[in-house]
Structures are given as structure tokens and as C-alpha cells.
Chemist: 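Dropping the structure in here first, questions after.
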Amino acid sequence: MTSEAWDRPVTVETRIDHYSAVHLAATRARSLGTRCGLGGSLPDQAAAVASELASNLDKYAREGSVYLQALPLGEGLEILAVDRGPGMADPRRCLTDGYTTAGSLGTGLGAVQRIATDFRINSTVPDGTVAAARITGGQHRPLPSGAGMVCLPAAGEDVCGDSAAIHENGHIRTALVIDGLGHGEAAAHAAGRGLRVFHDHCDDPLEQIMQRMHHALRHTRGAAVGLVRIAPGTADFCAVGNIRLCVLSPQRPHRQLDGRPGIVGWNLPTVQTRTATVAADETTVLYSDGIEARWARQPSAYFLGLPAEVLPVALGHRHRRLRDDATAVSLAGVA
């Protein structure tokens, strides 16, 4: 990244509750695109994508928002549009130039698909739509798939006391969710320290990473920390505090694991790593308590049908606690 501000990824939300918010979403996409390292005309193209997605939310959707963030893997900008309905009966048809239900030229989503390095859209009636456009400075080639993230500050806060990261090493992916106690600057300081430890030692055994974080956070207010490592057929989980893991399956019962009681940096319990079986068609979700836990008790068909790339932003949009920082990371199973 081109700015230290992106050492701790934060998701920027623009609620599309009035047409004027369309311009705000475009302006923010242009600015964040530059900060994410997009050069040349790419920041303007990012603004165009955000404008098109926001315009669709304004015209057709209920309770829609545009979310902007750095890519969870690779370098570039991710622009996501999420709503609460009414959904599209035929999303592929909506990508065809000339198709419209509002009397416009009908080129919006088709143009988004041409501009973006990668574009995906998931929609069901009446639940709603999630659209994700990823823009990078490289050639149009497939981006790392099977991973998604959202990291939202508490309402009214300029900084986020949560943080998250995903590291890829061959067929193995390791993810972190860290929740600094409380919110605001002090929580963000704790989360930032833990994030630096993760980046320096992300290939170490999970228990060792946790121990290193405990030492690094001793002079902070402390944090809840969750780590998950996905390898072919398995997920290793190590967590302290209110960080939860949920394994979602379209066919089998879902599974949940909670972190052990304690505070990293203050009172670390005996660190344990637990292993769960994860098939290639299952998705593992690691999330902080800023995401309401009730979504995972009986996951709806809407969430079970979403790919890992967009599942976290859908969770944040529907199950975020506004008074707390909210973070989720999802990883698809590995064959």
C-alpha cells in the first residue's frame, strides 16, 4: 500500500439514502483508489464503478450501502454494493447492455463488468443483492479468490479498534481477526500492534503467534484475538476472547467454535488450537462480537448461498452492532 493508513485495513461505508450519496460514494472511491496504489485513470474508473453501483441502489433497492476497502488479498480497491431487497430474478440479464427497468440507457452494470478486474453479483428475491467489483493496476486476470473481509468502525468513530488480515502461502491461508478492547484510538493502537506481529510471524504455529501477541500487547488495553489456518480438508482455530468461528455448509449442519475466556496482553489462558474438518464446498467465517452471533445459530439460505468473497460484507450490512467495531473474514475450503 502507498500509505501507512492502510497498514490497518478499514472499510468505508456510504449509505445510499438519497441521490446525493451517489456523488459521495464516487468521490470516496476515487480518493481511496489513489491510497490503494491505483495509478493513471484507475481512480476515476473506480469512481465511475462506485457511481453506477450506488445509482442502482438509489433507483431499485432498499437500505443499500456502498462499501470501499483495500483488497483482502493482493493490491487494489474493492467496491461492494449491498442492499436488503427486493433482489434480481435474473442477475445475468441485468449485466446485458440495453437491459433496464427504469427507462435509462441500461449500460450501468455492463459497464461495471468491463471496467473491473473482477466483478461478481449475487442476488435472490426477496432477500437482496451483493455486488463486488475489484480494481487493480495489473492486467485483467483472475484475482485470488475464496477470501473476503469487512472491518467497520463503530458509528461515530474515525478509527477502528478491530483489524484483520489474510496471509497466503501456497495452498494454506491464515487469517487474523483482532478486537482491541472498547473502541477508538486506544483500541486501534492495540489492534495495530497485534496486526504487526501477525504480518511478521504469520507462518508460525498459531499458538506461537498468540504468545507473541500477548507479549506485544502487554502495555496496551489488550485485545480479543482469533486465528484460523485453512489447509486442504482442515481448519485450525486458536482464539482468546469474543472471537468466533463458524463453518458454513450448503448440505451439512454448520459448526461453531468460541474463543477461550481471557484478554491477550493481560491474562492469557492456556493457548489451545482446535481442528475442524472443512470440505472444499464449505466456508469458514471468523468474526468479532461486533457482528451479532445470532446469524450463525440458524444461517439463512441467503448467507449459505453467498461465496466467501462477499459473505463478510453481507454479514456486516445485516448483523453489525452499530455501537461496536465489527469485523469478519471468510475463507473457502481447500480441496
Chemist: Within the 3.5 Å criterion, strictly below it, is a donor on Asp236 or Thr275 matched to an acceptor on the partner's side chain?
Modeler: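 Checked: Asp236/Thr275 side chains pair up, N/O donor to acceptor below 3.5 Å.
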Chemist: For Tyr302, does the six-membered ring have the charged nitrogen or CZ of Arg318 within the cation-pi criterion, i.e. under 6.0 angstrom from the centroid and within 45° of the normal?
Modeler: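 Yes; both conditions hold, so Arg318 lies above the ring face of Tyr302.
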Chemist: For atom NE2 of His215, decide whether the heavy atoms of other residues, nucleotides or ligands shown that lie under 6.0 angstrom number more than 12.
Modeler: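 Enclosed.
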Chemist: Give a yes or no on whether Leu152 and Met149 share a hydrophobic cluster (residues Ile, Leu, Val, Met, Phe, Trp, Tyr; joining criterion: side-chain heavy atoms under 4.5 Å apart).
Modeler: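 Different clusters.
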Chemist: Looking at every heavy atom in both Ala164 and Val329, which two are closest together, and how far apart are they?
Modeler: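 Heavy atoms only, the tightest pair is CB-CG2, 3.7 Å.
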Chemist: Would you mind listing every side chain to side chain donor-acceptor pair (under 3.5 Å) that reaches into residues 322-335, with sequence neighbours excluded?
Modeler: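 Passing the test, one end in residues 322-335: Asp162-Thr327.
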Chemist: Indicate, with yes or no, if the rings of Phe303 and His319 have centres closer together than 6.0 Å.
Modeler: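 So the answer is yes for these two rings.
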Chemist: With salt bridge (Lys or Arg N to Asp or Glu O under 4.0 Å) as the test, would you mind laying out the steps for Asp44 and Arg30 before giving the verdict?
Modeler: CA-CA 6 Å; Asp44 289 331; Arg30 183 182 291 108; 2.9 Å; yes
Chemist: Between Arg28 and Thr14, do the side chains contain a donor N or O and an acceptor N or O under 3.5 Å apart?
Modeler: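 Note: Thr14 and Arg28 side chains meet the donor-acceptor criterion.
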Chemist: Going from CG on Leu268 to NE2 on His214, what distance comes out if it is rounded to the nearest 0.5 angstrom?
Modeler: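 One gets 5.0 Å once the value is rounded to the nearest 0.5 Å.
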Chemist: For Glu282, run the side chain to side chain donor-acceptor pair (under 3.5 Å) check against Gln251, His254, Arg255 and tell me which one passes.
Modeler: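 Answer after filtering Gln251, His254, Arg255: Arg255.
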Chemist: Does anything in residues 210-225 form a salt bridge (charged side-chain N to carboxylate O under 4.0 Å, His left out)? List the pairs, not counting sequence neighbours.
Modeler: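 Counting only pairs at least two positions apart or across chains, the salt bridge (charged side-chain N to carboxylate O under 4.0 Å, His left out) contacts touching residues 210-225 are Asp204-Arg212.
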Chemist: Do Asn169 and Thr174 make a side-chain contact, defined as non-hydrogen atoms from C-beta onward lying under 4.5 Å apart?
Modeler: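 Contact flag for Asn169/Thr174 side chains = no.
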Chemist: Between Asn267 and Ile263 (side chain of the first, backbone of the second, donor and acceptor by atom type, cut-off under 3.5 Å), is there such a pair?
Modeler: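 Yes, because the side chain of Asn267 sits within donor-acceptor range (under 3.5 Å) of the backbone of Ile263.
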